[in-house]
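One structure is given here, and the rest of the page talks about it.
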Amino acid sequence: ASGEPAGPGARVEAAAAGSPAGQPRIAAVIKGLDNPFFQAMKQGIDDQARAGGVTVTVQAANSITDTTGQADKLNGLAGQDFSCYVVNPISGTNLIQGLARLSMLNKTVVNIDSPVDPAAAKSANVKLATYIGTDNVEAGKMAGRRMTELLPSGGEVAVIGGIAGDVTSGARVQGFQQGIGPNFKVVQTVAANWERQMALTAATDVMRANPNLVGFFVANDDMGLGVARAIANSGKTGKVKVISVDGNKDALEAVKAGTLDGTVSQYPYAIGHMGVEACQAAAAGKTLPPNVKAPVEMITKDNADQALASTPKPFGAYDDPFKALIQ
Amino acid sequence: MTARPEPGTSTDGALLRCENVSLSFGNVRALVEVSLTLRRGEITALVGDNGAGKSTLVRCVSGIHRPQSGRIVFDGDEIDFHSPEDAREAGIETVHQTLALVEDLTVWQNLFLNREIVRRLGPVALLDRRAMQARSKEMVSTLAVNVPAVRSRVRRLSGGQRQAVAICRAAGFSSKLVIMDEPTAALGVQETARVEELIFRMREEGHSVLLISHNFVQVMRLSDQVWVMRAGRCVGGRRTAETSGEEIVALVTGAAGQ
Amino acid sequence: MTARPEPGTSTDGALLRCENVSLSFGNVRALVEVSLTLRRGEITALVGDNGAGKSTLVRCVSGIHRPQSGRIVFDGDEIDFHSPEDAREAGIETVHQTLALVEDLTVWQNLFLNREIVRRLGPVALLDRRAMQARSKEMVSTLAVNVPAVRSRVRRLSGGQRQAVAICRAAGFSSKLVIMDEPTAALGVQETARVEELIFRMREEGHSVLLISHNFVQVMRLSDQVWVMRAGRCVGGRRTAETSGEEIVALVTGAAGQ
Amino acid sequence: MANATLAAGDREAWSARLKDLGFWAEWAALVGLVVLVIVFQALNPTFLSAGNIASMLVAAAILIILAVGQTFVIATAGIDLSIASTMTLGAVAFGQAYAAGWGLALSCLLGIVASALVGVANGVIIARGKITDFIVTLGTLSAASGLALILADGKPVTIIDPVLLSLSTGGLGIFGWSFVIAVVVALVAHVMLFHTRFGTHLLATGGAPESATAMGISTERIKIAVYTISGTLAGLGAILLVARIGAAEPAANTSFLLNSVAAVVLGGVSLFGGRGTIIGPFIGAMLLVALVNGLTLLGVSQFYQPLAVGIVVVLAALLTRFQR
Amino acid sequence: MANATLAAGDREAWSARLKDLGFWAEWAALVGLVVLVIVFQALNPTFLSAGNIASMLVAAAILIILAVGQTFVIATAGIDLSIASTMTLGAVAFGQAYAAGWGLALSCLLGIVASALVGVANGVIIARGKITDFIVTLGTLSAASGLALILADGKPVTIIDPVLLSLSTGGLGIFGWSFVIAVVVALVAHVMLFHTRFGTHLLATGGAPESATAMGISTERIKIAVYTISGTLAGLGAILLVARIGAAEPAANTSFLLNSVAAVVLGGVSLFGGRGTIIGPFIGAMLLVALVNGLTLLGVSQFYQPLAVGIVVVLAALLTRFQR
Ligand SMILES: Nc1ncnc2c1ncn2[C@@H]1O[C@H](COP(=O)(O)OP(=O)(O)OP(=O)(O)O)[C@@H](O)[C@H]1O
Ligand SMILES: Nc1ncnc2c1ncn2[C@@H]1O[C@H](COP(=O)(O)OP(=O)(O)OP(=O)(O)O)[C@@H](O)[C@H]1O
Ligand SMILES: [Mg+2]
Ligand SMILES: [Mg+2]
């Protein structure tokens with residue numbers, strides 16, 4: 001329900017942008033730099049742009065915490081002659097200023113992945129053409145439900161998060177806590193700064209402190225692989241479950257191999273892909289649906305093969321309302 | 001072996017009196033029960049071999065070190081300086097052997113360090129650079145032959161030029177006692193003559209001077225009283241008029257008893 | 001005004017010859033067409049006011065600065081040192097005025113800096129600390145009266161003790177020319193006497209010595225030849241035997257023509 | 001007469017300076033900035049458009065303010081590694097107070113005070129405890145971000161306030177308010193450093209602490225003062241940060257730390273203390289911001305940007321090689 | 001006879017040293033480590049279990065190796081900010097070579113060579129270009145991580161190799177192989193620093209570069225050498241990192257940077273150069289690892305951990321206050 005766009009009117013904007021032949025020039029500002037999740041997103045953007053014959057510039061923040069740097073990049077692009085902006089803000093508000101400027105210029109703004117804070121958007125007169133993404137809280141919930149499925153009798157679990165205070169990590173962890181059954185007890189939450197090496201060390205320590213631990217929830221795949229390694233090192237493979245979020249290729253392979261017990265795949269590829277489609281649709285003067293749910297899958301050993309075969313695209317069918325608009 | 005004030009030196013005219021001052025660095029006994037007296041309005045010399053403890057004594061008087069035992073009386077009051085600032089406020093200016101100039105600051109900034117001239121502009125006090133530069137120029141040219149630019153950094157100066165700046169700084173501000181630790185060591189003949197003139201002038205103006213020097217000819221020429229240190233101890237003091245260079249050398253080398 | 005080698009000094013026995021060496025720092029002309037000659041096996045003195053350019057000339061000869069014009073001939077070859085290492089390799093050891101000791105290293109480490117004694121253990125060469133410490137002890141005790149521990153850091157030493165260490169370092173290694181920039185400035189009487197002895201001994205052993213000093217009595221006592229600098233120029237040279245302290249003073253102050 | 005010679009000396013000094021390579025090295029950051037501007041403008045004409053200049057200036061404001069604080073510390077031969085997390089703590093304190101209904105002014109004050117207190121703690125521990133600056137501020141880096149997390153319970157607080165919004169979007173022509181504030185801060189800092197006793201004592205403390213002590217300067221008091229200044233400026237930065245991103249977040253703003261030091265060093269200030277300018281770090285900060293902005297405008301790929309930033313930083317620093 | 005007096009001096013020096021506060025300060029990191037161990041053991045008995053000790057030692061190995069490299073640099077009054085990203089680049093180079101089928105030995109070599117080259121670049125630019133260490137290594141920090149991203153195309157490479165696996169899991173009793181390697185590195189470094197000419201020249205370069213130059217030491221060569229050593233050790237660290245996590249990632253390992261410097265400073269090495277030990281940084285690294293391990297074992301909340309780390313770091317540093 002979050003990420004409700006603050007206003008429709010994509011048609012007017014596309015016209016105002018005056019793009020020749022309805023071809024948008026797209027600028028995308030996404031989050032990470034060194035994280036495969038956002039690379040898949042970029043790949044989705046690039047692939048669809050190539051397929052649709054539109055030009056696109058993708059910029060990313062220096063790191064997942066670089067709120068002001070990301071704002072600077074959007075501001076840098078805002079002054080240029082782009083007709084459509086695809087943004088994946090690090091926090092709910094950090095891009096507000098630049099977005100307000102874009103709305104003033106009547107540019108199309110497509111919000112993907114992490115939602116812009118609706119209240120802030122409203123007060124700054126930010127008009128979002130559409131929102132495409134999955135809720136990180138929802139992803140966490142799926143992981144929690146999967147954990148409950150794997151361990152019906154519950155037990156002690158631990159959470160390995162990203163940098164302490166990070167918004168994405170916080171939402172995923174919050175979701176996980178909501179998703180697990182009442183028999184579970186979260187004994188510890190450790191911040192491993194999104195680093196695989198730190199996650200490995202932390203998981204080793206946590207298992208030592210809590211010999212009865214039955215599972216880990218890890219806020220992204222990269223750290224999840226570190227935790228899986230820690231479990232293997234201490235000979236507890238299978239005895240301690242790990243579930244992470246993202247759906248990167250390496251993680252899918254680990255799920256297939258059984259070292260990872262599941263990953264919530266959010267399909268950043270599809271999100272990026274649809275982001276560009278939304279721009280195309282807006283440029284063609286179509287009215288965009290305000291809120292589009294991106295596909296999300298719980299990948300387990302059963303469907304890991306399928307997932308791997310189609311990665312980075314989702315293996316199942318999913319609802320893409322923009323496809324019809326740009327046909 | 002321990003020295004005590006000469007019978008001849010009455011303590012009435014004493015400006016500074018050290019009594020059994022001791023200080024060790026680890027197992028180096030730099031000062032061992034040093035007692036000596038400086039009279040008001042006189043030039044007092046302190047001589048001794050390298051490593052005898054002269055500079056260490058100076059540092060005790062000027063607030064850099066605190067003696068581990070013994071007491072120091074200055075101008076009638078027992079002093080216990082916690083910092084060089086205390087000593088400067090009490091009226092003791094020092095030219096340290098290692099100069100204590102700030103190499104990255106200019107000559108004028110060094111001369112007026114912690115004595116800056118300021119103009120008040122309402123609540124704020126701004127530096128009066130012009131005034132300080134002009135005064136610095138005057139001060140330095142009284143001593144130096146090859147006068148360095150007052151706005152060049154001290155780092156650029158020759159050894160003797162630095163020495164001149166350090167002496168100017170100590171002499172330029174009225175104080176009761178000016179301590180000079182080997183002030184003319186790096187100076188040329190002309191500059192040395194000027195510094196000696198300056199020292200006499202200071203005595204005339206009523207300041208007291210403590211002079212450390214290895215140049216016994218100079219010591220005999222300038223001083224009213226000589227104290228001799230050897231291996232951390234003060235081994236004797238003489239009125240300059242009543243002694244000779246040979247006697248002082250004998251005291252320094254330990255060839256003579258007290 | 002420009003000085004040229006004295007008619008009396010034949011250039012045959014010359015170990016070092018500077019010809020029209022000039023060097024400016026920004027707009028400070030530190031050396032202006034300096035020409036002078038040092039003879040083999042002699043003690044040559046260089047005198048002049050503070051800031052006259054003596055140390056700068058020394059730094060040119062020992063490879064720290066490179067002259068902007070002019071040439072320097074050492075031991076028959078024109079030299080163009082790119083670093084002090086070149087100079088040391090050519091056989092020039094220098095005691096700099098600012099000492100050039102490493103304060104955080106110990107006395108023995110300083111004495112053997114870049115001249116370390118090593119023991120070969122297969123492919124690796126390890127320091128022979130004991131040997132260096134023992135030799136250091138000997139070296140320092142020839143000069144110092146209050147001998148500092150060779151394993152204490154130089155930072156801890158008194159002004160004169162440091163000077164002694166610096167001199168030991170330059171004297172302790174065989175070289176063709178030893179340059180000493182005001183070596184006895186900080187030294188006591190006894191230490192000064194020992195250094196003077198050392199300088200004579202070096203001459204006897206066939207080394208040449210370039211001595212910079214503000215002490216004209218010392219210069220007259222020690223040297224065979226005196227060169228005088230004034231404001232960056234070499235204003236004259238004399239055989240010591242043929243001149244007097246007064247003449248030298250007159251040259252330094254500019255009271256006499258060449 | 002003395003004045004007349006002085007003035008003559010002035011002119012002479014200037015003309016000599018202009019010929020001196022060292023003079024240009026002092027202005028390395030400026031030379032670098034000018035070169036960068038010319039290159040970017042040639043490659044992409046929107047670079048010098050009013051809109052882009054305005055957004056660069058606004059983007060530079062926080063970094064300038066932090067760099068000024070860092071300059072004071074570095075001029076005393078210290079370093080403030082905690083500057084970015086002190087800012088985070090200030091932002092969180094501000095955010096919590098605002099969310100608790102304290103009102104804008106009071107919340108701002110609280111944010112600045114919280115940051116200033118971290119600075120005071122730094123200064124007191126360093127000066128009185130005689131511990132290396134690096135390790136103390138490394139400790140407070142960690143401690144301040146911990147405090148921020150605890151205070152905020154790890155969650156960001158969205159702050160929507162019309163005054164803050166106009167602070168971050170309004171301004172005088174192309175000069176956004178936050179840039180104007182940064183300029184004022186830099187001017188005051190310049191006067192403090194070069195026209196007050198405090199400034200001279202600060203440089204003496206950095207250049208030769210023992211000599212400064214021997215001249216009766218309390219280096220302890222100077223140390224405490226510079227860290228307090230740096231903390232306070234971090235607090236001011238925190239307000240601008242909240243205004244800019246519309247939220248008070250407890251997550252660390254790590255990039256500001258290295259960038260603030262980089263701006264100072266690019267500005268020609270020696271890390272060994274004793275020398276410094278304010279204009280240098282100011283321009284250094286602008287250089288860093290212009291660099292990222294330009295690379296973004298040119299659409300340099302995200303993977304190549306760090307490489308490009310690294311190379312330009314080293315090249316800009318090469319200009320300072322003639323210094324000293 | 002000379003030898004006899006020397007030996008007597010030795011004994012005297014030792015007994016005097018033990019009474020000297022300064023002596024204890026040199027061992028501040030050790031004192032801190034012992035205190036920490038006692039406290040943690042009292043609060044949680046698993047802390048000193050063989051298993052936990054083993055995992056702490058393994059976890060410390062990489063940090064120790066980086067800290068040793070950093071010590072060489074810091075002893076010359078420099079700082080290597082690029083050490084962590086150089087490691088990243090080494091890991092990526094290794095990973096790419098391995099994935100391309102170069103075989104383990106060759107790939108390891110390539111990884112180390114890639115890192116060493118970054119070190120050489122650092123050294124050459126700093127020494128020949130005469131630019132401040134800080135800014136050059138800040139530049140290569142950025143450039144190396146950019147290169148790593150480009151090389152890896154932003155993606156991690158999973159590496160499963162039995163030799164690597166046993167490197168990260170096997171060992172001599174509780175001493176994992178990687179810890180054993182770290183100890184060997186530290187021993188060699190100690191000998192280099194204190195028993196070779198190179199070591200003395202290095203300390204002279206750090207303590208008084210001008211004096212060192214005047215004595216004919218080529219400070220340029222020393223600078224290049226220390227950065228090359230630091231880069232090479234970062235490469236070795238990269239191999240251990242890949243072995244540990246089973247993958248070569250282009251991710252920036254930022255925490256290693258500040259931790260490596262912190263270990264060195266906690267180990268009593270002055271950032272102003274000219275002095276240093278190897279055992280100090282070694283223990284400093286152990287201290288940092290034990291601290292995080294202990295806090296995790298005790299289940300200290302993630303929000304309180306940074307605060308605790310900060311406080312302990314400052315307290316440990318307080319022990320060094322009597323130093324100098
Ligand atoms: N900070 C210190 N730490 C350890 N030892 C010291 C320290 N300062 C001085 N010493 C030692 O104390 C002794 C006296 O030193 P001091 O500097 O007072 O000698 P001095 O008489 O001034 O000699 P000089 O004529 O050479 O200047 C010397 O042996 C010196 O090594
Ligand atoms: N690195 C430098 N930069 C600028 N000026 C310098 C530099 N070194 C020396 N000078 C200037 O060059 C002149 C000569 O200096 P030098 O040190 O050679 O004098 P000196 O004859 O050794 O004097 P002293 O007897 O005082 O040691 C001085 O005016 C000095 O200020
Ligand atoms: Mg002395
Ligand atoms: Mg000189």
Side-chain angles (χ1 to χ4, degrees), chain D residues 77 79 81-82 85 121 125 128-136 138-154 250 252 254 257-259 261-262 265-266 270-272 301-324, chain E residues 77 79 81-82 85 121 125 128-136 138-154 250 252 254 257-259 261-262 265-266 270-272 301-324:
Chain D
I79 191 164
L81 296 181
S82 72
S85 42
I125 300 176
R128 296 244 191 281
K130 306 216 188 321
I131 321 181
T132 324
D133 308 62
F134 195 96
I135 200 79
V136 172
L138 191 67
T140 43
L141 181 168
S142 199
S145 52
L147 273 179
L149 283 169
I150 296 170
L151 257 180
D153 196 25
T254 32
L257 165 58
L258 284 180
N259 278 344
V261 185
V265 178
L266 277 178
S270 157
L271 286 172
F272 293 97
S301 137
Q302 49 169 344
F303 290 174
Y304 285 87
Q305 276 203 19
L307 185 63
V309 169
I311 291 172
V312 172
V313 165
V314 171
L315 286 182
L318 250 174
L319 292 169
T320 66
R321 69 165 285 183
F322 304 104
Q323 207 173 321
R324 148 155 300 234
Chain E
I79 191 164
L81 295 181
S82 72
S85 41
I125 300 174
R128 296 244 191 281
K130 304 213 188 324
I131 322 181
T132 324
D133 307 64
F134 195 97
I135 201 79
V136 173
L138 190 68
T140 43
L141 181 169
S142 197
S145 53
L147 272 180
L149 281 171
I150 295 170
L151 257 180
D153 195 24
T254 29
L257 164 58
L258 283 181
N259 279 343
V261 185
V265 178
L266 278 177
S270 156
L271 286 172
F272 293 98
S301 134
Q302 56 165 346
F303 295 167
Y304 284 87
Q305 275 208 20
L307 185 62
V309 169
I311 291 172
V312 172
V313 165
V314 172
L315 286 182
L318 251 175
L319 293 169
T320 65
R321 66 165 286 182
F322 304 104
Q323 208 174 318
R324 148 150 295 241

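Residue numbers start from 1 in every chain, and the chains themselves are labelled A, B, ... in the order their sequence lines are given, proteins ahead of strands.
- Results of the side chain to side chain contact (heavy atoms under 4.5 Å, CB included) test with D:Val314 over E:Leu138, E:Ile125, E:Ile135 single out E:Ile125 as the only residue that passes.
- Looking at D:Ile79, the atoms closer than 4.5 Å to chain E (heavy atoms on both sides) all sit in the side chain, from C-beta outward.
- Between D:Ser142 and E:Pro306, the shortest heavy-atom contact is OG-O, 2.8 Å.
- With respect to chain D, the highest number of heavy-atom pairs below 4.5 Å among E:Val261, E:Val313, E:Ile150 belongs to E:Ile150.
- The residue among D:Leu141, D:Leu258, D:Asp133, D:Val136 with the most heavy atom pairs within less than 4.5 Å of chain E is D:Leu258.
- Partners of D:Asn259 according to the side chain to side chain donor-acceptor pair (under 3.5 Å) rule, which considers only residues two or more places apart in sequence or in another chain, do not exist here.
- In this structure D:Gln305 satisfies the side chain to side chain donor-acceptor pair (under 3.5 Å) test together with A:Gln59, A:Lys73, sequence neighbours excluded.
- Most heavy-atom pairs under 4.5 Å with chain E, from the set D:Ser85, D:Ser145, D:Gly154: that is D:Gly154.
- If you tally non-hydrogen atom pairs under 4.5 Å between each of D:Val312, D:Ile311, D:Leu149 and chain E, the highest count goes to D:Leu149.
- Contact between D:Phe134 and E:Leu271 at its shortest, heavy atoms only, is CB-CD1, 3.2 Å.
- Taking chain D as the reference chain and counting heavy-atom pairs below 4.5 Å, the highest number among E:Leu147, E:Asp153, E:Val309 is found for E:Asp153.
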